[in-house]
Amino acid sequence: MWLGAHPVTYPLVRGIARLGPVVRVPRVGVVVSDAALAREVLLDTERFTKTGPGSPADLWTPVVGPSVLLNMEGRAHARLRRTLSGLFTPRAVGELCARVAAPQLGELRAELAAGRAVDVVAAAKRLAGAVIAELVGLDPLRAAEAFAAASAITGVVQLARPRLTAQQVAQGRAALARLTGPAVTAYRAGDPATVPGRMRELGLTEEEALGAVAAFALTGTETLVSYVPRLAALAAGSGWLERLAADPSWTDAVIAEGLRVTVPSPVMLRSVTAPARIGGTAVRPGERVVIATVSAAQGGDRRFDPQRRPAQQVAGLWFGAGPHFCLGMPLALAEIRALLDVLVTAAPLEIVRRRVARRVLIPGYRELLVRRRACGMS
Ligand code: HEM
């Protein structure tokens, strides 16, 4: 799967991890493949930033503007995050999932119960699209449109290219406008039943609300559409779906181990602002640091075993660390749980067909067809 997405870059990343925990690679940056060192970098905001040369800000700001959390630092960043955190409380996430996920997943549940084959990738796209539609103030029935727009924004990025071309910037902006258009309308209407309306109520300016919409679209769609089908394949293929049906208390461990093995956010970027050391390696201002989360989380062991207890440094690293830790984690986990629950209810499942997505930013399936296994066929 990784080779399908990044036939050149992925073997390079793995090879670099074998060379050492911190390796300077010409034209790429200083690659960090160790979990403890990755955390040190993410927590050290004095020396490492998301806004300098080669950082995410360099990449995204031309498309999404200057205030989308993931290209901000310092007090403005902290304030925006604090304000937005009201959208991701357990209550807010629970209500959002009940409103959006439940209707989306009803159809999937019925199809599986009827013994028909379903495509988990399509189901994940519908779910993530409906959630994004809700976040930008679009009707959840326009989930496909919201998903297509969000994925067109992330689709312009390639791992090997640190900057976007003028054409990619234009494409990204056009896709973003399809999401921010409805968000502006919802914000101006100020109805707290819509998320942009709530953002206004929380005290965000229109520009900040649109920045948040862009941040959610960038971070909250491809990650889930990559992850959920991969988790489904891992859990179905290893017998864990049936185990979860018998004992749901393992759910969080299964989801966390799936994230450790698949790492849907394979890389995090930082720019060096002051002379520093990462492990034994000295780094200079202006250098780019590439945190290979995929190598750091897997630590050379890609076996899916929910009974393992990952080292403290590794646990949760797939959601980042420090001030930029994934703001949407509660929502991401709720969406993953909701879809996994439907699959567990239908277990045992057989995988009818799987096709890997080629040349995409985040590795994943293009199609994963599963069907309820008839009794006596196991
Ligand atoms: C499995 C799914 C997800 C994974 C693995 C994931 C992972 C991450 C990671 C690693 C970061 C930090 C990047 C860095 O420090 O450079 C991040 C940031 C972020 N994520 Fe997620 N994410 C997921 C889903 C979501 C969802 C569903 C949303 C909300 C709609 C979301 C919203 C955000 C936001 C807003 C940030 C930026 C936070 C900031 O810069 O302060 N994420 N995510």
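In this chain, numbering begins with 1 at the start of the sequence shown. One-based numbering, in listed order, for ligands and for the atoms of each.
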Just to confirm my output: which protein heavy-atom neighbour is closest to [atom], and how far is it?
| atom | answer |
| --- | --- |
| atom 7 (C) of ligand 1 | Trp318 O, 3.4 Å |
| atom 14 (C) of ligand 1 | Lys50 NZ, 3.2 Å |
| atom 39 (C) of ligand 1 | His324 ND1, 3.3 Å |

Do any N or O atoms from the side chain of Thr281 and from the backbone of Arg277 form a donor-acceptor pair under 3.5 angstrom?
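It does not hold such a pair.
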
Looking at Ala92, is its backbone amide N or carbonyl O close enough to the side chain of Glu95 to form a donor-acceptor pair, meaning the two atoms are under 3.5 Å apart?
no

Side chains of Gln312 and Arg39: is there a donor and an acceptor less than 3.5 Å apart?
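Short answer, no.
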
Between Tyr365 and Arg354, does any side-chain donor sit less than 3.5 Å from a side-chain acceptor?
yes

Identify every side-chain donor-acceptor pair in residues 235-244 under 3.5 Å, counting partners at least two apart or on other chains, and give the distances.
unit_1	atom_1	unit_2	atom_2	d
Ser238	OG	Leu234	O	2.7
Ser238	OG	Ala235	O	3.4

Does Glu287 have any side chain to side chain contact (heavy atoms under 4.5 Å, CB included) partners at least two apart in sequence or in another chain, and if so, which?
Arg24, Val30, Val272, Val283, Arg284

Among the heavy atoms of His77, does any lie under 4.0 Å from an atom of ligand 1?
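For ligand 1, residue contact (heavy atoms, under 4.0 Å) with His77 is present.
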
Could you establish whether Leu84 and ligand 1 come within less than 4.0 Å of each other, counting only heavy atoms on the residue side?
no

Heavy atoms only, cut-off 4.0 Å: how does Leu135 contact ligand 1, side chain, backbone, both, or neither?
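Leu135 to ligand 1: side-chain contact only, backbone stays beyond 4.0 Å.
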
Would Arg178 and Glu145 pass as an ion pair if we require N to O under 4.0 Å?
no

What I want to find out is whether Arg198 reaches Asp191 closely enough, with some N-O distance under 4.0 Å, to be called a salt bridge.
no

What I want to know is whether Arg270 and ligand 1 share at least one N or O pair that is separated by under 3.5 angstrom.
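N/O-N/O distance below 3.5 Å exists for this pair.
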
Per-atom contacts, ligand 1 versus Leu70 - under 4.0 Å to a heavy atom:
40 (O)

What atoms of ligand 1 come within less than 4.0 Å of a heavy atom belonging to Arg81?
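In order of numbering, the contacting atoms are 38 (C), 39 (C), 41 (O).
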
For residues 322-335, run the donor-acceptor check on the side chains, cut-off 3.5 Å, and write out each pair with its distance to 0.1 Å, sequence neighbours left out.
unit_1	atom_1	unit_2	atom_2	d
His324	ND1	His77	NE2	3.2
His324	NE2	Met72	O	3.3
His324	NE2	Glu73	OE1	3.2
His324	NE2	Glu73	OE2	3.3

Work out how many protein N, O or S atoms lie closer to atom 21 (Fe) of ligand 1 than 2.8 Å.
1

Pair Phe88, Phe216 - check ring-ring contact (aromatic ring centres under 6.0 Å, His included), show working.
CA-CA 12 Å; Phe88 298 101; Phe216 300 155; 5.4 Å; yes

